[in-house]
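Here the structure is a predicted model, which means the values were calculated and not measured.
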Amino acid sequence: HHHHHHHHHHQTTTKLHNQSLTNNKMTVNKTNSTKRGIPGSVGLANLGNSCYMNCILQCLVHVEPLTNYILSSKKKEQKEEEEEEEEEGEPSSLSSSFTKDINRTNPLGSGGKVAEAYASLIKAIWSGQHTFLSPQALKNTIATFAPQFQNTRQHDAQEFLSFLIDGLHEDLNRVSFSSSSSSSLSLSLSSSSSPTVTIIHDAKSIRGKGGKDPNNGGGGDDTLLACKTWAHHLLRNDSIIVDHFQGMQRTSLTCPRCKNQSIKFDVYSSISLTLKGRTDGRPICLYSCLQNFTGEEQLDDCNAWYCSNCKVNVNAIKCVKLWTVPNILVLHLNRFTFRSSKRRGGGMLQSKIEDVVDFPVDHLNMEPFVHGPKATSSNNDDGSGGSLNAAPIYKLVGIVEHSGETADSGHYTATVRNSRDCRFYKCNDSQIGDATDNLKGSGVYLLFYKRENKGECKWGGMDRIMMLGGGKKGTGGSAASSSSSYQPSPSILDSEGFTMVVGKKKKKKSVVLL
């Protein structure tokens with residue numbers, strides 16, 4: 001296979017890395033029975049340029065909320081009658097049983113096939129009985145539903161991740177889609193019957209750092225619009241992925257002439273950070289990438305926005321802020337830029353920014369970037385736990401590294417922290433080596449972070465500030481109905497601004513409240 005010859009010129013920066021590779025070459029091809037594997041750290045066969053898939057799987061293996069959910073499913077089936085007691089458990093028991101959640105009727109899923117293939121691979125990886133596995137069954141299953149992966153070409157690891165996460169989400173979606181409910185689903189999503197939302201805490205006290213603008217009602221409208229957007233999202237999306245991988249970002253467009261503002265919330269499951277190459281050769285700091293992401297930019301004429309107040313198209317100031325951050329935070333360092341070429345018939349050329357990026361390993365503090373509800377480690381509905389705020393501090397789960405010219409060529413590897421023995425391992429397809437002293441690579445492309453246990457929360461903390469009317473919790477059916485009098489101010493629901501921003505970002509799923 002082509003990946004073998006890569007080892008020699010691939011990341012020759014550390015002696016340790018190369019040693020671990022050659023040591024491993026000896027043992028890998030022997031039969032599995034002679035050597036017991038390390039639970040969670042198992043080589044994955046390269047099925048023909050499939051390192052883009054292997055590196056993503058190696059990181060997801062150590063995403064505890066997802067892995068525990070799959071591994072504990074067997075025990076839970078035997079004890080279904082004891083489920084009431086589970087309610088008061090630790091945050092990791094937020095989810096019901098994996099097997100019970102498999103959705104066979106969701107038209108957007110695979111009838112559960114992707115989730116089941118993924119789960120059987122995860123169980124094998126954690127069994128401790130293998131040093132090496134072939135993920136062929138999972139690849140075939142995914143390719144049935146995402147045909148672009150039905151070949152032996154190299155692909156963009158970030159693209160594969162988003163397809164896999166989306167596939168798992170739809171296969172494990174707790175919203176049922178029986179044939180009779182499909183018509184009522186479209187009804188329930190129409191704005192007339194948008195779900196009633198009760199905001200538990202006082203809106204002003206949790207507005208975070210938002211709402212500096214005088215027209216912005218002091219942040220209360222923000223919180224309400226965020227709650228409505230999330231409630232809308234939950235009508236159609238409720239899964240282990242929504243619980244732990246999804247957050248919301250807030251995009252505002254402000255008219256530079258009259259300061260009229262339009263606000264919109266979008267759900268995300270990873271954050272793409274644009275890298276700006278440095279001329280002095282020093283490493284780029286991850287925090288500065290996050291700052292650039294959440295900064296302001298003035299839109300150019302191509303993206304001009306119609307200000308309903310001034311009645312003309314203006315170059316609006318666009319500002320993106322993170323509203324909530326999920327327990328599992330995936331950061332995508334976009335090293336690839338496209339520019340139109342003067343030669344070769346004027347096509348697009350892809351170039352790569354090779355700068356080293358400095359990233360925290362044990363302590364990524366997202367607090368400066370989060371503008372929505374701060375998670376509180378107390379479950380009191382009256383907000384009395386406010387003083388126990390646990391800041392959004394994250395630890396690194398794993399990184400995906402890329403070497404090569406373009407995202408869909410070259411070679412991918414992963415370096416992951418085993419969630420049981422807490423050691424770092426380098427995963428290069430079928431080979432697993434020690435990576436304790438080799439974390440800073442120039443090719444870091446994706447970063448997987450997990451929120452510290454004491455700050456873990458569902459829906460990035462949204463469940464702490466909202467109660468859904470008639471929701472599953474059984475609380476507040478009647479209390480919630482009084483909330484239907486809450487209406488966001490009309491200036492916020494400026495449909496022009498909404499559609500303009502939606503048009504610009506094709507990939508994000510967004511909810512437009514009409």
Side-chain angles (χ1 to χ4, degrees), residues 158 162 207-213 215-216 219 221-230 232-233 245-256 259-276 284-300 302-305 307 314-326 329-334 337 364-374 392 394 446-447 449 459-462 488 491-513:
Q158 154 72 3
S162 62
R207 71 171 187 219
K209 305 182 183 70
K212 290 192 193 98
D213 192 89
N215 303 337
N216 189 7
D221 286 337
D222 260 9
T223 301
L224 184 66
L225 187 55
C227 287
K228 288 210 157 187
T229 304
W230 192 252
H232 242 258
H233 181 61
F245 282 79
Q246 293 185 345
M248 270 192 300
Q249 61 183 42
R250 170 193 187 271
T251 306
S252 61
L253 296 169
T254 310
C255 172
K259 301 285 182 270
N260 173 26
Q261 196 176 57
S262 161
I263 294 166
K264 170 169 141 325
F265 285 85
D266 286 304
V267 177
Y268 68 84
S269 49
S270 70
I271 298 169
S272 271
L273 303 172
T274 310
L275 294 191
K276 296 182 168 69
I284 301 171
C285 170
L286 185 63
Y287 285 111
S288 69
C289 298
L290 285 159
Q291 253 149 2
N292 294 340
F293 175 79
T294 55
E296 296 188 342
E297 59 163 322
Q298 189 150 13
L299 298 178
D300 57 18
C302 304
N303 295 303
W305 169 65
C307 172
V314 294
N315 298 114
I317 312 285
K318 179 183 168 188
C319 181
V320 177
K321 289 184 158 74
L322 297 176
W323 188 253
T324 52
V325 280
L329 183 64
V330 180
L331 302 178
H332 168 224
L333 302 180
N334 192 359
T337 54
L364 168 68
N365 184 3
M366 290 297 291
E367 187 154 39
F369 308 106
V370 179
H371 294 265
K374 301 282 186 262
Y394 287 79
L446 292 163
L447 295 142
Y449 281 100
W459 303 338
M462 285 303 288
S491 68
I492 279 188
L493 300 180
D494 169 345
S495 62
E496 284 282 330
F498 274 66
T499 44
M500 198 288 299
V501 181
V502 170
K504 215 181 155 218
K505 289 202 164 58
K506 291 192 190 74
K507 272 201 153 169
K508 293 220 166 59
K509 291 181 182 165
S510 46
V511 176
V512 179
L513 297 169

What's the verdict on side-chain contact (heavy atoms from CB on, under 4.5 Å) for Leu286 and Leu333, showing C-alpha distance, side-chain angles and the deciding distance? CA-CA 9 Å; Leu286 185 63; Leu333 302 180; 3.9 Å; yes
Are the side chains of Leu447 and Leu364 in contact, using a 4.5 Å heavy-atom criterion? no
Any idea which heavy atoms bring Ser252 and Ile263 closest together, and the distance? CB-CG1, 4.2 Å
Taking the side chain as every heavy atom from C-beta outward, state whether Trp323 and Met462 have any pair of such atoms under 4.5 Å apart. yes
Quick one, His233 and Trp459 - any side-chain contact, counting heavy atoms below 4.5 Å? no
Validation row: Leu273, Asn292 side chains within 4.5 angstrom (heavy atoms): no
Please report the closest heavy-atom contact between Gly247 and Trp230, naming both atoms and the distance. O-CZ3, 4.4 Å
Do Cys289 and Leu275 come within less than 4.5 Å of each other through their side chains, counting heavy atoms only? yes
My understanding is that only residues two or more places apart in sequence, or in another chain, count here; which of them pass side chain to side chain donor-acceptor pair (under 3.5 Å) with Ser288? none
Residue set satisfying side chain to side chain donor-acceptor pair (under 3.5 Å) with Asn315, at least two apart, ordered chain then number -> Asp301
Asn260 and Trp305 have their tightest heavy-atom pair at O-CH2, 3.9 Å
Results of side chain to side chain contact (heavy atoms under 4.5 Å, CB included) for Asn365 - residues two or more places apart only: Tyr287, His363, Glu367, Pro368, Ile393
Sequence neighbours excluded, which residues qualify as side chain to side chain contact (heavy atoms under 4.5 Å, CB included) partners of Thr274? none
Nearest heavy-atom approach of Phe293 to Gln249 is CZ-OE1, 3.6 Å
Pick from Lys321, Arg250, His371: which one makes a side chain to side chain donor-acceptor pair (under 3.5 Å) with Asp222? Arg250
So Asn334 and Gln158, side-chain contact (heavy atoms from CB on, under 4.5 Å) or not? Walk me through it. CA-CA 10 Å; Asn334 192 359; Gln158 154 72 3; over 6 Å; no
Would you indicate whether the side-chain heavy atoms of Val325 and Tyr394 approach each other to under 4.5 Å? yes
Taking all non-hydrogen atoms of both residues, which atom of Thr324 and which atom of Met248 are closest, and how far apart? OG1-N, 2.9 Å
Point-to-point distance, once rounded to the nearest 0.5 Å, from OH of Tyr268 to OG of Ser162: 15.5 Å
Going by side chain to side chain contact (heavy atoms under 4.5 Å, CB included), name the residues that satisfy it together with Ile317, two or more places apart in sequence or in a different chain. Thr254, Glu296, Gln298
Nearest atoms (heavy-atom pairs only) where Met366 meets Leu290: SD-CD1, 3.8 Å
